A.B. asks: 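Structure provided below as structure tokens; questions to follow.
Convention: sequence-line order gives letters A, B, ...; per-chain numbering from 1. Everything numeric here is computed off the predicted structure, so don't read it as measured data.
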Number of protein chains: 2
Amino acid sequence: MMRSDILDLFEKHDILPTQQRVEVAQILLVRPQHLSAEQIIDRLMQQGSSVSKATVYNTLKLFGEHGIVKEIMADPVRKFYDSSTLPHHHFYNVDTGELHDIAESDVSIGSLPLLPAGTRQESVEVLIRVRPTEN
Amino acid sequence: MMRSDILDLFEKHDILPTQQRVEVAQILLVRPQHLSAEQIIDRLMQQGSSVSKATVYNTLKLFGEHGIVKEIMADPVRKFYDSSTLPHHHFYNVDTGELHDIAESDVSIGSLPLLPAGTRQESVEVLIRVRPTEN
DNA sequence: AAAACAATTTGGAATTGGTCTATACTGCAG
DNA sequence: CTGCAGTATAGACCAATTCCAAATTGTTTT
Ligand SMILES: [Mn+2]
Ligand SMILES: [Mn+2]
Ligand SMILES: [Zn+2]
Ligand SMILES: [Zn+2]
């Protein structure tokens with residue numbers, strides 16, 4: 001995803017394309033990946049740009065609300081932000097903390113139980129926890 | 001699960017049955033449930049017992065390492081400790097933060113993808129995010 | 001029993017990811 | 001210009017969890 005795509009995406013969602021939002025998007029949305037807020041802040045620093053922590057969090061939250069990124073909670077200590085928003089699943093390496101995608105089509109879920117009364121389903125996510133083979 | 005069961009369980013796992021560990025176990029392991037560390041601390045307080053916060057966390061971590069309880073990360077801000085350790089799945093109500101069990105047999109997972117090289121599978125968990133129907 | 005030792009518990013400080021707040025900046029409409 | 005809405009910012013704040021060094025408990029040695 002390149003700059004013009006990002007601007008189009010923002011326009012489609014009525015998101016004002018501020019300098020800071022574009023910069024965050026250019027880091028996160030370039031490829032399918034899973035970054036924590038801090039990783040994004042670090043990369044911004046590295047490239048000399050100084051977007052504030054508060055703005056990064058505001059922006060990620062905004063993107064999340066518009067479904068432009070997906071929040072992933074696999075690690076107990078931090079959220080990851082996923083640039084792939086289509087339904088899919090994940091491997092989570094509990095040792096390294098790495099996340100890897102699993103295509104939705106690679107997991108077939110047969111039946112699903114009835115939802116609790118008064119609720120509607122928002123997502124179904126499969127998380128396969130793995131750890132390095134010891135030996 | 002009653003007191004003697006807890007003591008047996010501890011013995012099986014070579015866990016020294018200290019006063020504090022037994023008290024924590026008696027709160028969490030009595031029934032299938034999902035409690036946060038703070039909920040456990042609150043209940044200890046209520047019943048007059050004063051186990052320190054540090055010990056509660058130490059104990060929950062110990063139980064987790066022995067597979068006596070399972071840590072669940074569905075809520076971004078806190079862990080939940082699940083007294084059911086057999087494989088099963090969850091509904092997570094994103095509005096209320098409540099977790100509800102889904103029997104393993106209620107979800108049939110067909111195929112699973114190849115694991116990343118050099119890793120072994122630890123668990124497969126399905127999390128169905130739900131929210132109250134608005135209207 | 002006293003001393004030594006290991007395991008556990010403890011209060012409180014420290015850490016950490018994230019949010020809040022009050023102020024400042026930006027771009028535009030009147 | 002001036003006013004206003006929307007944003008950005010630094011830094012204070014917060015809540016969950018971990019860390020630490022000292023105190024307690026229980027168990028061996030002398
Ligand atoms: Mn992904
Ligand atoms: Mn459960
Ligand atoms: Zn949108
Ligand atoms: Zn064990």
Side-chain angles (χ1 to χ4, degrees), chain A residues 6-7 10-11 13-28 34-45 47-66 68-82 92 94 97 99, chain B residues 6-7 10-11 13-28 34-45 48-66 68-82 94 97 99:
Chain A
I6 288 171
L7 294 179
F10 282 8
E11 188 169 5
H13 285 274
D14 261 308
I15 293 175
L16 212 70
T18 66
Q19 177 68 32
Q20 292 88 339
R21 287 171 181 170
V22 173
E23 281 182 25
V24 170
Q26 278 182 322
I27 286 173
L28 183 53
H34 313 99
L35 296 178
S36 67
E38 220 206 324
Q39 289 174 318
I40 292 171
I41 292 168
D42 286 349
R43 297 199 189 183
L44 285 166
M45 294 304 179
Q47 67 183 53
S49 128
S50 64
V51 180
S52 74
K53 187 178 59 147
T55 297
V56 171
Y57 278 106
N58 287 345
T59 299
L60 290 172
K61 189 174 175 192
L62 180 71
F63 288 177
E65 286 163 1
H66 282 278
I68 290 176
V69 304
K70 193 160 44 157
E71 298 183 355
I72 299 194
M73 286 158 311
D75 188 307
V77 296
R78 66 180 66 71
K79 285 185 202 166
F80 281 98
Y81 296 87
D82 191 336
Y92 174 63
V94 296
L99 281 169
Chain B
I6 288 171
L7 294 178
F10 281 8
E11 189 168 5
H13 285 272
D14 261 307
I15 293 174
L16 210 72
T18 66
Q19 179 66 33
Q20 293 88 338
R21 288 169 180 170
V22 173
E23 281 182 24
V24 170
Q26 278 182 322
I27 285 171
L28 183 53
H34 314 98
L35 296 179
S36 67
E38 220 207 323
Q39 288 175 317
I40 292 171
I41 291 168
D42 286 348
R43 295 199 191 184
L44 285 167
M45 295 303 177
S49 129
S50 64
V51 180
S52 75
K53 190 180 50 150
T55 297
V56 171
Y57 278 104
N58 287 345
T59 300
L60 290 172
K61 189 176 173 187
L62 181 71
F63 288 177
E65 285 163 2
H66 282 276
I68 290 176
V69 304
K70 193 160 41 155
E71 298 183 355
I72 300 193
M73 289 158 311
D75 188 308
V77 297
R78 67 181 65 69
K79 285 184 201 166
F80 280 98
Y81 296 88
D82 191 337
V94 296
L99 280 168

A.B. asks: Earliest and latest nucleotide of DNA chain D, 5' to 3', sitting under 4.0 Å from a non-hydrogen atom of chain B?
C.D. replies: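 On DNA chain D, the outermost contacted nucleotides are dA16(D) to dC19(D).
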
A.B. asks: Mind running side-chain contact (heavy atoms from CB on, under 4.5 Å) on Ile68(B) and Ile15(B) for me, showing each step along the way?
C.D. replies: CA-CA 11 Å; Ile68(B) 290 176; Ile15(B) 293 174; 3.6 Å; yes

A.B. asks: Can you label the angle between the Phe63(A) ring and the Phe10(A) ring as parallel, tilted or perpendicular, going by 30° and 60°?
C.D. replies: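 Geometry flag for Phe10(A) against Phe63(A): tilted rings.
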
A.B. asks: Where is the tightest heavy-atom contact between Asp75(B) and Met73(A), given as atom of each residue plus distance?
C.D. replies: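 Looks like C-SD, 4.1 Å.
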
A.B. asks: Inspect the surroundings of CD in Glu65(B) and state if more than 12 heavy atoms from other residues, nucleotides or ligands are less than 6.0 Å away.
C.D. replies: yes

A.B. asks: Pick base, sugar-phosphate or nothing for Thr59(B), based on heavy-atom distances below 4.0 Å to the nucleic acid.
C.D. replies: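 Nothing, no heavy atom under 4.0 Å.
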
A.B. asks: Please check if atom CD in Gln47(A) has more than 12 non-hydrogen atoms from other residues, nucleotides or ligands closer than 6.0 Å.
C.D. replies: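 Buried by this count: over 12 neighbours within 6.0 Å.
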
A.B. asks: Do Glu23(B) and Ser49(B) have a side chain donor and acceptor closer than 3.5 Å?
C.D. replies: yes

A.B. asks: What are the two closest heavy atoms between Leu99(A) and Ala74(A), and how far apart are they?
C.D. replies: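 Where Leu99(A) meets Ala74(A) most closely, the heavy atoms are CD2-CB, 4.0 Å.
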
A.B. asks: Could you walk me through whether His66(B) and Leu62(B) pass side-chain contact (heavy atoms from CB on, under 4.5 Å), step by step?
C.D. replies: CA-CA 6 Å; His66(B) 282 276; Leu62(B) 181 71; 3.9 Å; yes

A.B. asks: May I have the step-by-step check of side-chain contact (heavy atoms from CB on, under 4.5 Å) for Leu28(B) and Leu60(B), ending in yes or no?
C.D. replies: CA-CA 10 Å; Leu28(B) 183 53; Leu60(B) 290 172; 3.9 Å; yes

A.B. asks: What are the residues of residues 15-22 of chain A, sorted by number, that bring a heavy atom to within less than 4.0 Å of DNA chain C?
C.D. replies: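 Those residues: none at all.
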
A.B. asks: Would you please test Tyr81(B) and Glu71(B) for side-chain contact (heavy atoms from CB on, under 4.5 Å) and show each step?
C.D. replies: CA-CA 5 Å; Tyr81(B) 296 88; Glu71(B) 298 183 355; 3.8 Å; yes

A.B. asks: Can you check the Asn58(B) CG to dA7(C) C1' distance for me, whole Å?
C.D. replies: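 Computing the Asn58(B):CG to dA7(C):C1' distance gives 12 Å.
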
A.B. asks: Nucleotides 15-18 of chain C: which of its N/O atoms have a protein N/O under 3.5 Å away?
C.D. replies:
residue	atom	partner	partner atom	Å
dG17(C)	OP1	Arg78(A)	NH2	3.3
dG18(C)	OP1	Lys79(A)	N	3.0
dG18(C)	OP2	Tyr57(A)	OH	2.9
dG18(C)	O6	Lys53(A)	NZ	3.0

